[in-house]
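A quick write-up on the structure given underneath.
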Amino acid sequence: MSDAQQQAAGSGGQPSAEKNRYKDSLNLPKTGFAMKANLIQAEPQSLRRWEDARVFNRIQHVREQAEPFVFHDGPPYANGPIHMGHMLNKVLKDFVVRGALMEGRRVRFVPGWDTHGLPIEHKVMTELHEKGKTAKLETLAPEQRHMAIRRECATAATKFIGLQAEQMKRLLTLADYADPYYTLMPAYEGKVLEVFADLVDQGVVVRALKPVHWSIANKTALAEAELEYEDRTDLSVYVDFEAADRAKVAAAFGLLAEAPADAGEGDAEGGGEVEAEVDESRILDMTPSFMIWTTTPWTLPANLAIAVHERSRYALVEIDGNTTVMASDLVAAVAKKAGSEKVVVRAECDGAKLVGLEYRHPFCERKGRIVGADYVTLEDGTGLVHTAPGHGADDYRTGLKEGLPAYCPVREDGTYDDTVPAWLRGKSIWDANKEVTERLRASGHLFHDHSFVHSYPHDWRSKTPVIFRATEQWFVGVDAPMKRDGKTLRARALEAITNEVGFTPEWGRNRLRGMLESRPDWCISRQRSWGLPIPAFKTKDGATFLTSASVRAIAKRFSEKGSDAWFQESPAELLSHYDASKDPAAPAGLDIASLVKLHDIFDVWFEAGSSWNAVLRARGIGYPSEIYLEGSDQHRGWFQLSLLPAIGATGHAPFKRLVTHGFIVDKNGHKMSKSIGNTIDVEALLKEFGADVCRWWVAGVDYENDIRSDSEFFKVAGESYRKVRNTIRYLLSNLEGFDASETDSILSGIAPTSLEAWVLAQVASTQEAVRRAIAACSFREAQQAIFTLCNETLSSVYCAATKDRLYCDAPRSSRRRAAQAAMHRAADSLCRMLAPFLPHTADEAFRALMRDETACVHLEHFHTLVHACDARWSEVLALRELAHAALEKAKERGIENPLDAGIALPVSHHHLAEFAADLPDLFGVSRVILAQDQSAIEVIDLREEPRCERSWRRDGTVRVRSDGGMLSDRDAEAVGVA
RNA sequence: GCGCUAGUAGCUCAGCUGGCUAGAGCACACCCCUGAUAAGGGUGAGGUCGAAGGUUCGAGUCCUUUCUGGCGCACCA
């Protein structure tokens with residue numbers, strides 16, 4: 001205590017022992033709402049209470065007639081415990097759900113899980129492999145093997161769903177956990193097939209060839225995850241493909257430009273022929289070749305094109321007596337490798353000039369052509385890339401672009417079919433490597449060959465090398481016109497995202513557009529066990545049987561029996577709901593008994609992408625969803641692959657708005673990974689901070705971008721949470737004995753110039769801002785508004801200002817009760833604003849406010865608040881800033897305690913005289929006077945004036961009272977002494 | 001490599017269509033209070049706006065290049 005204070009206290013004339021003589025007469029704060037949240041223990045109790053009180057069901061019941069808010073959950077993949085990304089996503093979704101509930105809407109949010117797919121199957125297979133059970137699997141018939149694997153997968157998926165659901169509940173998310181959706185549910189599977197049937201109806205489902213990783217040993221397709229890369233030595237060959245027209249090559253390299261001809265380059269097609277005959281003898285004395293390089297000579301029979309990079313430079317080279325074309329930058333390297341002596345570059349041009357030229361296949365009777373591709377690099381080879389669309393991913397894409405078929409002359413056992421030259425038919429491709437090479441050498445097309453060691457994919461189980469092989473697959477064609485309106489899926493999808501869908505953030509629109517514009521047809525078939533079978537059959541004569549009616553019949557069967565039926569039932573049983581006579585698309589003379597089931601399954605994205613039908617429409621929740629809210633990776637995933645089936649089946653997008661969030665990265669902005677060890681464990685986080693603090697952190701995050709995260713950040717969120725909690729606690733602690741039913745009548749009588757009018761106007765505008773922000777998914781904005789209300793409006797200004805009247809006024813004084821009424825309303829509104837973000841804390845506070853342990857804020861909704869205050873309040877607040885500044889300055893004079901000071905206002909502020917009664921409280925000083933003789937705010941030193949023993953103020957009315965104490969008028973009256 | 005996206009005080013972020021000495025919260029420092037007390041209040045110090053060019057009377061804000069992150073380009077969800 002400073003000397004000045006001691007003096008001041010002393011001047012009151014009371015010994016310090018009796019300093020608290022009047023403390024018992026004060027109305028000090030009192031509440032059962034604890035300062036310490038103890039979330040780790042208390043939240044599970046809240047969960048139990050909500051469960052016991054059947055809160056979820058009551059909410060549904062109470063809102064039965066309310067306007068629905070359709071919101072659909074994207075299914076996470078059930079293959080492990082939840083991570084930070086799940087927490088972020090689920091909590092953000094919960095803000096949407098609870099925000100809509102607070103608006104009085106009816107929300108039935110059904111949590112879902114994606115259960116099929118490779119990750120689970122692969123995990124299960126790996127475990128079976130480790131337990132030595134795969135050998136036994138091999139002995140089973142194919143359908144029994146599929147079933148054995150499927151049973152294991154279903155068990156694994158169900159286990160993880162249970163785990164994840166518990167963790168999501170622990171995050172205090174509100175959802176229909178009693179009745180969730182899983183993609184493996186029979187009813188769900190049936191609804192997916194219905195979407196598929198709709199697409200068949202629209203004519204966009206097609207069967208076509210596409211190269212996949214193929215294990216010859218197991219005669220099966222493999223996924224990337226099932227590949228092991230090992231070094232392998234292959235024969236690498238440089239092959240000359242003879243140009244079909246030497247004059248056009250010469251023209252491409254500009255060698256004809258010098259010719260004294262009247263035909264310009266512009267009409268090359270017509271005039272070039274004549275000219276070429278004149279010039280070719282003069283300039284090119286032999287037909288040039290295009291030199292390619294490959295490590296898989298066995299794919300050469302399937303060569304249909306040669307790819308060049310349009311922006312690379314290519315050279316026409318004379319090398320060892322041949323004239324050939326290769327990338328300029330690689331001439332030296334190739335010459336060195338082949339040990340060539342004489343190398344002359346005749347001319348150079350851009351790759352773009354070569355595009356369109358034709359060449360003769362060295363041993364197949366056909367021509368190929370040069371095409372452009374941006375994946376061509378100048379790191380290896382010749383800069384001209386051998387392209388076999390049936391044997392490579394890049395090649396395939398190029399083939400699609402160029403209209404080339406995915407020609408694959410290799411059968412499933414790794415031997416050539418009958419479309420190749422006779423000397424290769426029936427031969428194994430591995431033997432063909434050498435044969436092809438020798439053939440090329442003999443015919444003079446082989447420029448050079450050598451052994452080449454490279455990393456090559458192998459089948460993880462048989463350890464044999466894998467090949468790329470085109471097989472028949474099912475596709476959803478994005479460029480096929482739909483029956484509905486003749487528009488393509490791509491065109492309609494682009495229209496929808498351009499005109500009918502909102503994006504948060506807005507750049508998502510652009511991103512999705514880019515993906516839709518460039519995406520190829522969607523390959524929806526997979527050659528695996530764990531998934532929804534594509535219900536196609538093979539007929540006796542080898543044709544594929546699948547019509548929309550047959551698909552619908554099987555959809556019905558699956559929804560009764562589950563998709564396991566595909567592996568357990570005969571075609572006749574599966575098609576028991578099918579009547580070929582009523583199916584115009586049925587092939588003539590269909591003999592169901594002789595059908596053979598095919599065993600492709602759906603891409604899991606097709607299942608997840610049909611959830612709008614399998615959940616929203618099937619359960620009568622509503623359609624479309626107001627929002628789909630997922631990580632930004634889902635532009636490629638769920639967003640796009642829900643859009644396509646929905647556009648196909650219904651003509652419209654399944655969502656009105658796409659909201660995306662970024663990824664959680666570590667505090668240095670790097671991605672989290674288990675191997676780096678910078679991950680944060682959600683369970684540990686919940687154990688240390690509790691769900692409400694974690695949710696408060698999520699609420700404050702700028703989720704549109706990457707989100708840095710570190711356990712330190714949760715401490716900060718905890719601090720902020722505590723500030724909010726304490727503010728509510730303080731409001732509650734002043735409501736002891738207050739009759740809430742008086743609130744309305746008290747508040748209807750307050751003056752616009754009163755502190756209450758001001759604070760309630762602030763509460764009302766904050767609540768409006770919060771509601772707007774939640775509706776816009778701007779949760780951070782909502783959180784900041786709430787925090788500012790607590791930290792500034794309430795804690796720093798209103799509560800500080802009303803402290804004196806609440807503590808020292810008579811309990812039933814009108815001033816005190818007005819403050820209590822305002823605090824009650826503020827606390828009530830705060831609970832509602834906080835309900836979406838802090839479900840536990842808001843509910844805890846709400847029960848304390850209602851003094852009713854059975855009350856639940858989550859059954860409530862926002863009340864519209866209409867509170868206005870005098871427009872001059874902004875001036876008053878500005879004046880408060882000035883007063884604070886003056887007080888700070890007065891500290892130099894030794895006036896350190898504001899209660900030792902008064903404030904004198906100059907004439908320029910006298911128009912605020914109506915507020916004068918509240919100004920001392922607002923400034924925190926003992927009194928405020930209106931001065932006539934000064935131009936600025938001045939601080940009056942009141943240290944010599946007597947101090948009220950009860951309120952500690954020096955308001956000018958302090959004197960000795962009948963009980964011997966020094967009291968101000970107000971305090972004397974409150975205590976009841978004269 | 002390509003598409004999308006971000007880089008503003010120690011930390012998390014505002015800064016709309018370019019315009020007064022670049023703002024907020026937290027943290028920090030100093031002070032007050034001790035009747036919200038493992039609380040509360042006041043004041044203050046922090047930034048060449050990733051870097052380099054350019055357009056302009058004027059740029060954090062527009063353009064170009066560049067550096068550093070993130071997401072996506074797979075039978076991974």
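First the proteins, then the strands, lettered A, B, ... as listed; each starts at 1. In this text the structure is predicted, and so the values were computed from the model without any measurement.
One N or O donor and one acceptor, one from the side chain of A:S795 and one from the base of B:A36, sit under 3.5 Å apart.
When both distances must be under 3.5 Å, the Watson-Crick or G-U wobble mate of B:C13 is B:G23. Summarising the base pairing, B:G47 is matched to no nucleotide, lacking a Watson-Crick or G-U wobble pair whose two defining distances lie under 3.5 Å. Pairing partner, B:G1: B:C73, with both Watson-Crick or wobble hydrogen-bond distances short of 3.5 Å.
Among the atoms of the strands shown, only primed sugar atoms or phosphate atoms (P, OP1, OP2) are found under 4.0 Å from some heavy atom of A:G117. Among the atoms of the strands shown, none is found under 4.0 Å from any heavy atom of A:K36.
A gap of 32 Å separates the C1' atoms of B:U56 and B:G46, to the nearest Å. Annotation: B:G41 and B:U5 have their P atoms spaced 42 Å apart (nearest Å).
Within the model, atoms CZ of A:R805 and OG1 of A:T802 stand 6.5 Å from one another, a figure rounded to the nearest 0.5 Å. Annotation: the span from A:I497 atom CD1 to A:Q640 atom CD amounts to 9.0 Å, rounded to 0.5 Å.
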Write out a two-atom table: protein N or O, nucleotide N or O from nucleotides 10-18 of chain B, distance below 3.5 Å.
unit_1, atom_1, unit_2, atom_2, d
B:C13, O4', A:R780, NH2, 3.1
B:C13, O2', A:R780, NE, 2.9
B:C13, O2', A:R780, NH2, 2.5
B:A14, OP1, A:D702, OD1, 3.4

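Within residues 723-734 of chain A, the residues approached by RNA chain B to less than 4.0 Å at the level of any non-hydrogen atom are A:K723, A:N726, A:R729, A:Y730, in residue-number order.
Not counting sequence neighbours, the partners of A:S25 by the side-chain contact (heavy atoms from CB on, under 4.5 Å) test are A:Y22, A:R950, A:V975.
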